[in-house]
Amino acid sequence: MPLSLPLSIAVGAILFAGLIAIAAVAFAVLITLGALVLAGICVTIAGLYIGFTLIFSNLFVGMAYLGFALIGIGLTLLLAPFTYQTTLFFVHATSNFSRYLYNKVTRNKHLSAEGGSQS
């Protein structure tokens with residue numbers, strides 16, 4: 001049993017914990033962006049409904065609500081590509097980091113099995 005085995009286990013556990021932490025933060029950001037988009041859509045739909053019902057009783061207030069709803073639709077259309085690109089970025093970053101860790105661990109195993117140096 002090599003003396004570096006406990007150290008290797010500790011380093012592996014730390015790397016795995018780092019991967020889990022990065023994935024958790026990426027997942028939290030994605031959920032937050034999704035919740036913001038969903039809330040914006042709900043507020044926009046509510047603004048359209050209130051605007052259409054108020055436009056017959058109080059014209060200017062109804063037009064204000066409809067204007068805010070149209071601003072919400074515009075912001076949703078503007079932020080949709082940003083949300084999509086952010087999602088892709090976090091998925092790729094997490095994937096690349098896990099691939100990096102896997103290659104780092106397996107490369108060292110292959111080198112030590114072949115008897116080569118680990119530099």
TODO: Find out if a path of hydrophobic residues (ILVMFWY) with successive side-chain heavy-atom gaps under 4.5 Å connects V43 to I50.
DONE: no
Open item on the list: Between F60 and F56, is there shared hydrophobic-cluster membership here, with clusters defined by ILVMFWY side-chain heavy atoms closer than 4.5 Å?
Closed with: yes
Task: Spatial distance of atom OG1 (T53) from atom CG (L48) [nearest 0.5 Å] - done: 10.5 Å
Task: side chain to side chain contact (heavy atoms under 4.5 Å, CB included) partner of V29, the single match among L33, I31, T32 - done: L33
Task: Single-linkage hydrophobic cluster, 4.5 Å side-chain cutoff, L59 and F52 together - done: yes
Per-pair distances, 0.1 Å, donor-acceptor, side chain in residues 90-97, under 3.5 Å, sequence neighbours excluded:
| from | atom 1 | to | atom 2 | distance (Å) |
| --- | --- | --- | --- | --- |
| T94 | OG1 | F90 | O | 2.9 |
| S95 | OG | R99 | NH2 | 3.4 |
| N96 | OD1 | R99 | NH1 | 2.9 |
| N96 | ND2 | H92 | O | 3.3 |

In a table with atom names and distances, give each donor-acceptor pair under 3.5 Å that connects a side chain of residues 64-84 to protein atoms at least two apart or in another chain.
| from | atom 1 | to | atom 2 | distance (Å) |
| --- | --- | --- | --- | --- |
| T76 | OG1 | G72 | O | 2.8 |
| T83 | OG1 | L79 | O | 2.9 |

- [ ] Drop me the distance from L15's CG to S98's OG, to the nearest 0.5 angstrom.
- [x] 12.0 Å
TODO: Please answer: with hydrophobic residues joined when any side-chain heavy atoms are less than 4.5 Å apart, are I41 and Y49 in the same cluster?
DONE: no
Open item on the list: Quick check: is L19 connected to V11 through a chain of hydrophobic side chains (ILVMFWY, heavy atoms under 4.5 Å apart)?
Closed with: yes
